[in-house]
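Below, all heavy atoms of this structure are taken into account, side chains as well, without hydrogens, waters or symmetry copies.
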Amino acid sequence: MSREEYEENAVHAFVALIENSVLREKAFLGTQAERIKAARARLAEAEADTAHQDSVRAEIERVARQRRHDPEEAAALARLKAARQKWQDLTGRLPAG
């Protein structure tokens, strides 16, 4: 194979490579709008699905309401306050926390 034939074959291979790349890019761009639309639909669906967050918020509210009305907690806080006061009376300082 002469140098001229080699160079001609290399040019043809390069042209084929470029043409194939252009075809792949056109195919990719041709489906881009459809893929973007599908991705946006999936995103909107995910953002709209708040059932889990809603159930967690309801559970947090239930626990907070239960704590507010827990007589044991009120008694424990009163004991803590008395113990802190006793500590201050003995040492002249309130304990940390």
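At a threshold of 4.5 Å between non-hydrogen side-chain atoms, the residues R57 and D54 count as touching. Side-chain contact between K86 and L90 is present, with at least one heavy-atom pair separated by less than 4.5 Å. For the pair R42 and E45, the minimum side-chain heavy-atom distance is 4.5 Å or more.
One N or O on the side chain of N20 and one on the backbone of A16 form a donor-acceptor pair closer than 3.5 Å. A donor-acceptor distance shorter than 3.5 angstrom exists from the side chain of R84 to the backbone of P95, with no hydrogens or angles considered.
Of all heavy-atom pairs spanning R65 and H69, the tightest one is O-CD2, 3.0 Å.
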Candidate pair L43 and E47, rule side-chain contact (heavy atoms from CB on, under 4.5 Å), full reasoning: CA-CA 6 Å; L43 175 62; E47 288 175 338; 3.7 Å; yes
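The side chain to side chain donor-acceptor pair (under 3.5 Å) check on E7 picks up R3, with sequence neighbours excluded.
Rounded to the nearest 0.5 angstrom, R24 CZ and E19 CD are separated by 12.0 Å. Atoms CG and CD1, from L23 and I18 in turn, are 11.5 Å apart once rounded to the nearest 0.5 Å.
Side-chain polar atoms of Q85 and D89 form a donor-acceptor pair below 3.5 angstrom.
No more than 12 heavy-atom neighbours from other residues, nucleotides or ligands sit within 6.0 angstrom of NE2 on H52.
Pairs of residues two or more places apart, or lying in two chains, that qualify as side chain to side chain donor-acceptor pair (under 3.5 Å) and include a residue from residues 72-81 are R67-E73.
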Sequence neighbours left out, cut at 3.5 Å: what donor-acceptor pairs do the side chains of residues 27-39 make with other protein atoms?
residue, atom, partner, partner atom, Å
T31, OG1, A27, O, 3.4
T31, OG1, F28, O, 3.1
T31, OG1, R35, NE, 3.2
R35, NE, T31, O, 3.4
R35, NH2, F28, O, 3.0

